[in-house]
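Computed from a prediction, not measured in an experiment: that's the story for all the values here. FYI, side chains are in, hydrogens and waters are out, and symmetry mates aren't considered; it's all heavy atoms of this structure. In what follows, residues are counted from 1 in the order of the sequence shown.
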Amino acid sequence: MIEVASVHDWLAGHRDELVADLGAYVGHESPSGDPALLAVTLNWLERWIGERLGTASRRELVPGGEHGSVLVLDFPGDGAAPVVLLGHYDTVWPEGTLAQWPYTVDGDTASGPGTFDMKAGLVQAVWALRSLARNGYTMPPIRIVLNGDEEIGSPVSRPVIERECADAAAVLVFEGSAAGSVKTARKGVGIFELTVAGREAHAGLDPEKGASAVDELARATLTLHALTDLGAGTSVNVGLVHGGTASNVVAGNAAATVDVRVRSRTEQDRIASALAGLRTADPRAEITVRGEWNRPVMERSAAAGQLAELANRAGAELGLDIGECAVGGASDGNFVAALGIPVLDGIGAVGDGAHARHEHVSIAAMTERAAVAAAVIVEFTGNLGGAL
């Protein structure tokens, strides 16, 4: 364990630099759907990381095509397995948001698009490493993995993340905290499309000749919503619905998008079975289910609990009660946890307003959380396949 208080004092002495780095980063708009802006942001990030940490021993850029590319940077250290620092640089905010809502610092609060989700987290990660280097601590091998498609489900980056984390001693995900707490469990997420093919007919002259796709979709919606079990951590939501062609036509088609959140693999299997078993009441109609589990369940593991304990022990030296929690949202940490790799999520910023106009972070907490992250990282120095 490092001397957390002295490392924090060093970071607090560089507070203005952290604030400036965050401002420069937020100043690069990076909406998930704009590969050109994402490329500019990633180029800036790579230069900035080089300035703060030096030249990486290994660099790999995986092109993202119509999405953001994935950047992997390795830095040497003492140990057999790397500690992976995982984060995304895309945001939900479209180009032009910054002109209406510029980066602002008011006392202890920094606000602007992407501050909490999750640009401040990456600034903290880099400064955590910088604080260790500048204070003479030996570190384990470090691998930084940055992706630009997290907000849209990580379609390009998932296999890269899984590959680059497969040999990790531990993975720290610098997503924002939950009111300060780190996250040791996240729900799995499934996105599914229902399409119903019915039979059109005149609704007034011969309705009996029709098979209503809308009717069948309504029945399926009630069936799916009945699967919700909040006590078990499961929610099923038919959130988008459309169908039919006119009010006087028995609908020949209908479709819906379904969002599913589950807390356990048992519940995931239950919902998957129910989706596969959907049938129409009218045999002349047909229902089709397409989609996938976008992110697997991240169930709390003993290893994740040990990582949380390391973070809490370091936080206690700064007078912080960090705690740990389970949350409903998913992250790229879900992919890693499914591989059996120890994951600590939510070690990033303390703030609020992800995906909202009041998005902000605490500046004092940035230096505190960077010191906590540094303390967790250094525990893996000299590891032989993992310190847990």
Side-chain angles (χ1 to χ4, degrees), residues 92 150-155 158 178 183 185-300 325-331 334-335 337-338 354-356:
V92 300
E150 191 271 349
E151 297 290 5
I152 54 174
S154 307
R158 177 177 182 173
K183 302 167 183 177
R186 286 183 178 271
K187 289 185 178 182
V189 179
I191 305 295
F192 300 93
E193 300 289 335
L194 305 186
T195 56
V196 183
R199 181 177 296 179
E200 292 183 338
H202 194 292
L205 294 178
D206 46 7
E208 73 283 355
K209 294 182 179 178
S212 174
V214 167
D215 178 77
E216 296 293 349
L217 184 59
R219 293 172 187 270
T221 297
L222 293 175
T223 298
L224 291 173
H225 281 179
L227 296 172
T228 292
D229 183 347
L230 298 181
T234 299
S235 62
V236 182
N237 182 59
V238 180
L240 292 172
V241 173
H242 59 88
T245 55
S247 62
N248 62 349
V249 178
V250 176
N253 61 80
T257 302
V258 187
D259 179 286
V260 183
R261 309 278 170 143
V262 293
R263 193 165 60 199
S264 69
R265 292 183 179 89
T266 299
E267 281 295 283
Q268 181 175 320
D269 291 343
R270 180 176 73 90
I271 300 302
S273 177
L275 285 165
L278 286 175
R279 299 291 184 269
T280 57
D282 190 325
R284 297 173 297 170
E286 182 180 4
I287 188 167
T288 302
V289 180
R290 296 184 179 87
E292 63 180 358
W293 292 95
N294 173 260
R295 284 186 171 85
V297 178
M298 177 178 162
E299 294 185 278
R300 187 188 186 278
C325 66
V327 295
S331 82
N334 290 57
F335 300 138
H355 300 191

State which residues pass side-chain contact (heavy atoms from CB on, under 4.5 Å) with [X]; sequence neighbours excluded, sorted by chain then number.
X      : value
Gln268 : Val262, Trp293, Val297
Ala178 : Lys183, Cys325, Val327
Asp282 : Ala211, Glu216, Arg284

Inset, instruction - Answer yes or no: does atom CD of Glu286 have more than 12 heavy-atom neighbours from other residues, nucleotides or ligands under 6.0 Å? - result: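 Open.
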Inset, instruction - Output all residues satisfying salt bridge (charged side-chain N to carboxylate O under 4.0 Å, His left out) with Asp259, sequence neighbours left out; order by chain, then residue number. - result: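 By the salt bridge (charged side-chain N to carboxylate O under 4.0 Å, His left out) rule, Asp259 matches Arg261.
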Any idea which heavy atoms bring [X] and [Y] closest together, and the distance?
X      : Y      : value
Ile287 : Thr280 : N-CG2, 3.7 Å
Ala256 : Leu217 : CB-CD1, 3.8 Å
Phe335 : Gly153 : CZ-O, 4.2 Å

List in chain and number order the residues that pass side-chain hydrogen bond (donor to acceptor under 3.5 Å, both in side chains) with [X], two or more places apart in sequence or in another chain; answer none if no residue qualifies.
X      : answer
Ser212 : none
Arg186 : Ser331, Asp345
Arg263 : none

Donor-acceptor list for residues 189-208 side chains, cut-off 3.5 Å, not counting sequence neighbours:
residue: Glu193; atom: OE1; partner: Thr257; partner atom: OG1; Å: 2.9
residue: Glu193; atom: OE2; partner: Thr257; partner atom: OG1; Å: 3.1
residue: His202; atom: ND1; partner: Gly204; partner atom: N; Å: 2.9
residue: His202; atom: ND1; partner: Leu205; partner atom: N; Å: 3.0
residue: Asp206; atom: OD1; partner: His202; partner atom: N; Å: 3.4

Inset, instruction - Look up atom OG1 in Thr266 and atom CD1 in Ile271, then write down how far apart they are to the nearest 0.5 Å. - result: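 Taking OG1 in Thr266 and CD1 in Ile271, the distance rounds to 11.5 Å.
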Legend entry - OG1 on Thr221 to NE2 on His225, rounded to 0.5 Å: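 The OG1 atom of Thr221 is 6.0 Å from NE2 of His225, to the nearest 0.5 Å.
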Inset, instruction - Provide the full list of salt bridge (charged side-chain N to carboxylate O under 4.0 Å, His left out) pairs with a residue in residues 218-238, sequence neighbours left out, each pair given once. - result: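 Pairs touching residues 218-238 that pass the test: Asp215-Arg219.
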Report, one line per pair, each donor and acceptor closer than 3.5 Å where one atom sits in a side chain of residues 232-254; sequence neighbours left out.
residue: Thr234; atom: OG1; partner: Glu267; partner atom: OE1; Å: 2.7

Inset, instruction - Please list all pairs passing the ring-ring contact (aromatic ring centres under 6.0 Å, His included) test where one or both residues lie in residues 256-275, with sequence neighbours left out. - result: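 Those involving residues 256-275 do not exist here.
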